[in-house]
Amino acid sequence: MESQQGLTTIFGNPGSNELPFLMDFPEDFRYILGLHEGAVISMADGFAQATCGAAFVNLHAAAGTGNAMGGLTNAVASHTPLVITAGQQIRSTVGLEAMLANVDAAQLPKPLVKWSAEPLCAEDVPRTISQAIHTAQLPARGPVYVSVPYDDWDKEAAPNGRHLATRRTVEGRSLSAGQLAELVELLDGATNPVLVLGPDVDATGANNDAVTLAEKLAAPVWIAPSASRCPFHTRHRSFRGVLPAGIKNVSDLLAGHDLILVIGAPVFRYHQYLPGEYLPEGARLIHITNDAGEAARAPMRDAVVASVGEATRQLAEAVGTADRPALPELPPIRPASTGSDAALHPEQVFEMLRNTAPKDVIYVKESTSTTSSFWNMMDIGLQQGSYYFPAAGGLGFGLPAAVGVQLAQPRRQVIGFIGDGSANYGITAVWTAAQYKIPVVFLILKNGTYGALRWFAHVLDAGETPGLDVPDLDFVQIANGYGVPAESVSTADGLQSALTKAVESGGPTLIEIATELTET
Ligand code: TZD
Ligand code: CA
């Protein structure tokens, strides 16, 4: 029977409990093998985010689930609909804790899944998986988990199961006429409104509507703190940058605005603790989110729970054109700071990419000490789905997610900026890229240290602590060992020619770049 759920790619790493599920694997499905579940889950996360749909994952029992859980912290925060299944021991042997029994399986992935279950009988397996698929994709989207005893796959499905394959569940939460009118009145009546846009604007493809809204309001636009996607073109005259992730500096930067409209982001995902007032004097904040939990836990002002894409479209259409002068064009991007003879400044890497990469390139970034360099130098966000970063800061997302995004978007070049620390958490995904000929380019920014932690040690006044350096890693040899061609560069020209070669090769390539530690 034809499935209309569209979930024909399975990301997995198998064990004995999963073999009966994989038996007689259908021809119209594909299985993408990852060598470690941390890589499996993050490849699936990247794939799902880049297709704006769900991804199907199959993990091995409790051990495989455990390995994947770090990645789930990111998937929860990015509202990624991951349908995770795990094989369970034979039903009658779980109680006695046979090898590979997943004891209390539905409990294991909590609280990092929005729902989890183990069907009470074999007959209910298809319906439970169907429930998982719909639960993952209904708002707020997120990962779900189903544990299936492996002897269940031998049983006959119930005849009524035929309804499941063609079920559809849809979200329909536009703003009511009254809600829209109230918001439009506030926006039209504001003297100095500002927009703060989050990842769900990009995830719901509301990018162009956000531009219309900003232009009609002649309002500046910030990206919400801890940006995991890029919802707005960074060279648009309204663009002001990414808000820093401290309470005080958010309110300092928003000072002077009487109305702050936050769309598609938590209010706010702070990081470094910088106490202060949540909001500047005289400002009212309105928060539009598709996540009721996000609305409820915000510590200040008002929220509307609605479909982010639809609400943004409605507002863009309904607000009046403000009687304010248009904002001036942005000044040109300044030249990159330069590094030494031995290593490039990260800004040089980003500047080169800005000048030479195709306009529809997709960046996946997991190099934590280069955040300001990146946002200062880049011209991105013209198109939806141009940028991904681990949404909860859990490392091990970037490298595998780059593989998943490239698999989802074969017509756009994906480039991963991955730190020499971060690369190790998901390194086995380079093997998957090689085996399935997924032509992603991995740029490893090698500064020999956990740069962001050095910066944080200053913030916390922690002095010298152990465990901050990562010397003596050779990513060329590591990549070669996994079957990916690689080279090491330390100059802008070297990087340029390595990159041209990589893009032309049609397969995956890893380029290790000697970079200076900045932002300390
Ligand atoms: N482990 C996991 C799974 N997630 C984390 N976020 C950390 C550890 C802690 N951590 C950070 O938050 S940033 C960072 C670590 C170890 C350093 C990453 O180093 P890098 O990038 O080389 O990838 P930079 O540019 O040198 O900071
Ligand atoms: Ca580093």
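Every number for a ligand or one of its atoms is a count from 1 in the order of the listing.
Ring-plane geometry between Tyr363 and Phe374 is classed as perpendicular, the angle between the planes exceeding 60 degrees on a 0 to 90 degree scale with a lower cut at 30.
Under a 3.5 Å cut-off, the side chain of Asn13 and the backbone N or O of His60 do not form any donor-acceptor pair. Side chain of Asn67 to main chain of Glu37: no donor-acceptor pair is present (N/O by atom type, distance under 3.5 Å, no hydrogens or angles). Checked by atom type and distance alone, the side chain of Gln89 pairs as donor or acceptor with a backbone atom of Met99 at under 3.5 Å. Side-chain atoms of Arg354 come within 3.5 Å of backbone atoms of Met377 as a donor-acceptor pair (strictly under, hydrogens ignored).
Under a 4.0 Å N-O distance rule, the pair Arg454/Asp469 qualifies as a salt bridge.
If you count the protein N, O or S atoms nearer to the Ca ion (ligand 2) than 3.0 Å, you get 3.
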Would Phe11 and Phe47 satisfy ring pair (Phe, Tyr, Trp, His ring centres under 6.0 Å), going step by step from the backbone distance to the final call?
CA-CA 10 Å; Phe11 295 88; Phe47 183 83; 5.2 Å; yes
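Within the cation-pi definition used here (under 6.0 Å to the ring centroid, within 45° of the axis), Lys365 does not qualify as a partner of Tyr388.
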Per-pair distances, ligand 1 N/O vs protein N/O, less than 3.5 Å:
residue	atom	partner	partner atom	Å
ligand 1	4 (N)	Leu395	N	3.1
ligand 1	6 (N)	Gly393	O	2.8
ligand 1	21 (O)	Thr368	N	3.4
ligand 1	21 (O)	Thr368	OG1	3.2
ligand 1	22 (O)	Asp420	N	3.4
ligand 1	22 (O)	Asp420	OD1	2.9
ligand 1	22 (O)	Gly421	N	2.7
ligand 1	22 (O)	Thr449	O	3.3
ligand 1	23 (O)	Ser422	N	2.7
ligand 1	23 (O)	Ser422	OG	2.6
ligand 1	25 (O)	Ser367	OG	3.3
ligand 1	25 (O)	Thr368	N	3.2
ligand 1	25 (O)	Ser369	N	2.8
ligand 1	25 (O)	Ser369	OG	2.7
ligand 1	26 (O)	Asn447	OD1	3.4
ligand 1	26 (O)	Asn447	ND2	3.1
ligand 1	26 (O)	Thr449	O	3.1
ligand 1	26 (O)	Gly451	N	2.9
ligand 1	27 (O)	Thr368	OG1	2.6
ligand 1	27 (O)	Ser369	N	3.1
ligand 1	27 (O)	Gly451	N	3.2
ligand 1	27 (O)	Ala452	N	2.8

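None of Phe389, Tyr387, Phe350 except one satisfies the ring pair (Phe, Tyr, Trp, His ring centres under 6.0 Å) rule with Trp375; the exception is Tyr387.
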